[in-house]
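I have a structure here, written as structure tokens, and I will follow up with some questions on it.
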Amino acid sequence: MHSAGLEDVLKTIDQRQHQSVTLLKEFVAIPSVSTQPEHAQDVRRCAHWVADQLRFAMLEVSVLETGGHPCVVAKNKHIAGRPTVLVYGHYDVQPPEPLEGWLTPPFEPTIGKTTAGTDALFGRGAVDDKGQVLCHIEAITAWQAHGGVPVNVTVLIEGEEEIGSANLGGFITRHREALAADVCVISDTNQFARGYPAITTGLRGLVYQEITVKGPNRDLHSGIYGGAVTNPANALAKLIASLHDDKGRVNLPGFYDDVVEPSEVEKLAWQKLPFSEQAFNLEIDIPTAAGGEAGYSILERTWARPTCDVNGLANGYQGIGAKTVIGAEASAKISFRLVADQNPEKIRDSFQKAMQERCPPGVTLTFADHGVAPAYLVPQDHWGVAAARKAIQTGFGKPATLIGSGGSIPIAATIKSELGIDSIFVGFGLPDDAVHSPNEKFDLDCLAAGARTAAALYAELAKK
Ligand code: BES
Ligand code: MN
Ligand code: MN
């Protein structure tokens, strides 16, 4: 009865396009940077903004405490016998820095042209994940105006995804019954390319460590002490260099032990995707994509191989000009992207142990933990994937491509272990959206097609 209403719902979504863009501007204008304590009140305000939108859609909404930033939980009237869909997303965003890189201010959302000539809204969080959350809000709002969402829907929008969702795991455990569902839908990933909307069937995991090398008790004159003391920065550089061999493989004991190779079918499908290495290089202005392991394609290296990358380095004098100094300490933020079935804790322990063993005399090491998450693989024969394929065809007018992704969504594994359900990743972003970079954007076409796809997806999932 309900999916007969999909045509009307899609019409409503199309007619609301202008309002959708206005809403996205409001949403992006809130600087909900979860990692920066000075934005804690903005983060909270953003939760309430999301709650308000879902309340306008006549869901029952609560803003709930997690111990960190709050999350928003909203439900329609759940009717026994219908499938229940958990819709997860996040309203927090990455820091906008470096600010010099932005052509328009990050929290003054602006409509402009993309390099591809399309129209987009530029601003921090436009695609990650505010625009994509809004697709679901719009879909729900439209369904509610036409007799109601055709499934039991529980919307969970959190404020700590960009800092590893450390508090949400416990929250989910504590609210297991309230969050019980048959499947989880997440729109926080990419399409393969313009014209190639996609379902992401694999996400990488993450181990994020900060290593600090401590030497003398104060910064030293590099002439008076140079040659006598172990320079913490030199030691750190050596330790970092030891993390890869000359084939681009990660040099830690046991690192590859549990790695699962993608199936031959998958590899073959990836080879057939219209991927251009030249276009990839051009978009980010690099002469060659020579990082990572020899013998694997770019898609394999980013979707199915584990990595180790420095994400930040600090030592000595960082100001303008020269200062002759040996810094008392040096530190690096280092992340490992993991694939199935690597164990994050095992990798973290192996890293710390190897660094201690390789540490030169004269300095000491300490570690700070910035979170772990395992990789996530979606069973490709899941009924939710079939539903998503149909929804994408309806929403975009194009068939769905199955892709992997190099990114991570830490909570998916917890949703699986605590609620016993799989997540279906139906993302509406584009590879040139500049996620986490200056000039992040979300194409207005993607906003429209994403809302249509979300609406169609609820109708498809209702058929289970
Ligand atoms: N939405 C991204 C992940 C993503 C982006 C997946 C594009 C696929 C395509 C998510 O918000 C994100 O940035 N995750 C972090 C997790 C980390 C902070 C624990 C990541 O992958 O770095
Ligand atoms: Mn995201
Ligand atoms: Mn992100």
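Along the sequence shown, the residues carry numbers beginning at 1. All ligand and atom numbering here is 1-based and tracks the order in the structure. Computed from a predicted model, the values in this text were never measured in an experiment.
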Legend entry - Heavy atom of the protein closest to atom 1 (N) of ligand 1 (residue, atom name, distance): Asp188 OD1, 2.7 Å
Legend entry - N/O separation below 3.5 Å, His436 to ligand 1: yes
Inset, instruction - Kindly confirm whether the Mn ion (ligand 2) is within less than 2.8 Å of some N/O/S atom in Asp188? - result: yes
Inset, instruction - Taking only Lys NZ, Arg NE, NH1 and NH2, and the carboxylate oxygens of Asp or Glu, determine whether Glu138 and Arg16 approach each other closer than 4.0 Å. - result: yes
Inset, instruction - Would you tell me whether Gln393 and Glu460 have side-chain atoms, one donor and one acceptor, within less than 3.5 Å of each other? - result: no
Inset, instruction - Would you check whether Asp129 reaches within less than 4.0 Å of ligand 1, judged by its heavy atoms? - result: no
Inset, instruction - For atom 8 (C) of ligand 1, grab the closest protein heavy atom and report residue, atom and distance to one decimal in Å. - result: Ser405 OG, 2.9 Å
Inset, instruction - Would you mind running through ligand 1 and noting each atom that sits below 4.0 Å from a heavy atom of His90? - result: 11 (O)
Inset, instruction - Over 60° means perpendicular and under 30° means parallel, so classify the ring planes of Phe275 and Phe280, tilted if in between. - result: tilted
Legend entry - Nearest-contact summary for atom 16 (C) of ligand 1 - protein heavy atom, Å: Ser408 O, 3.6 Å
Inset, instruction - Determine whether the aromatic ring centres of Tyr458 and Trp143 lie less than 6.0 Å apart. - result: no
Inset, instruction - Quick one: report the N, O or S atom of Glu162 that is nearest to the Mn ion (ligand 3). - result: OE2
Legend entry - Pro410 neighbourhood, listing ligand 1 atoms whose heavy-atom distance to it stays under 4.0 Å: 19 (C)
Inset, instruction - Identify, for atom 11 (O) of ligand 1, the protein heavy atom at the shortest distance, and state residue, atom and that distance. - result: Glu161 OE1, 2.6 Å
Legend entry - Cationic tip of Arg124 above Phe107 ring, under 6.0 Å, 45° of axis: no
Inset, instruction - Check Asp128 and report its N/O/S atom nearest to the Mn ion (ligand 3), by atom name. - result: OD2
Legend entry - Any N, O or S atom of His90 closer than 2.8 Å to the Mn ion (ligand 3): no
Inset, instruction - List every atom of ligand 1 that sits less than 4.0 Å from any heavy atom of Leu206, numbering the atoms from 1 in the order shown and giving each element. - result: 17 (C), 19 (C)
Legend entry - Sub-4.0 Å heavy-atom approach of Gly371 to ligand 1: no
Legend entry - Tyr296 six-ring face occupied by Arg301 cation (under 6.0 Å, within 45°): no
Legend entry - Centroid-centroid distance, Phe255 to Phe351, less than 6.0 Å: no
Inset, instruction - Using a strict cut-off of 4.0 Å, indicate which atoms of ligand 1 neighbour a heavy atom of Thr189. - result: 6 (C), 8 (C), 9 (C)
Legend entry - Flag for Thr110-Lys25: side-chain donor and acceptor within less than 3.5 Å: no
Legend entry - Lys267/Glu261 salt bridge by N-O under 4.0 Å criterion: yes
Legend entry - Any N/O pair Glu162/ligand 1 closer than 3.5 Å: yes
Inset, instruction - Evaluate the criterion side-chain contact (heavy atoms from CB on, under 4.5 Å) for residue pair Glu158 and Thr66; output intermediate values, then yes/no. - result: CA-CA 9 Å; Glu158 72 149 318; Thr66 63; over 6 Å; no
Inset, instruction - Below 4.0 angstrom from a heavy atom of Arg337, which ligand 1 atoms are there? Numbered from 1 as shown, please. - result: 20 (C), 21 (O), 22 (O)
Inset, instruction - Give a yes or no answer on whether the side chain of Asn343 reaches the backbone of Lys346 with a donor-acceptor pair at less than 3.5 Å. - result: yes
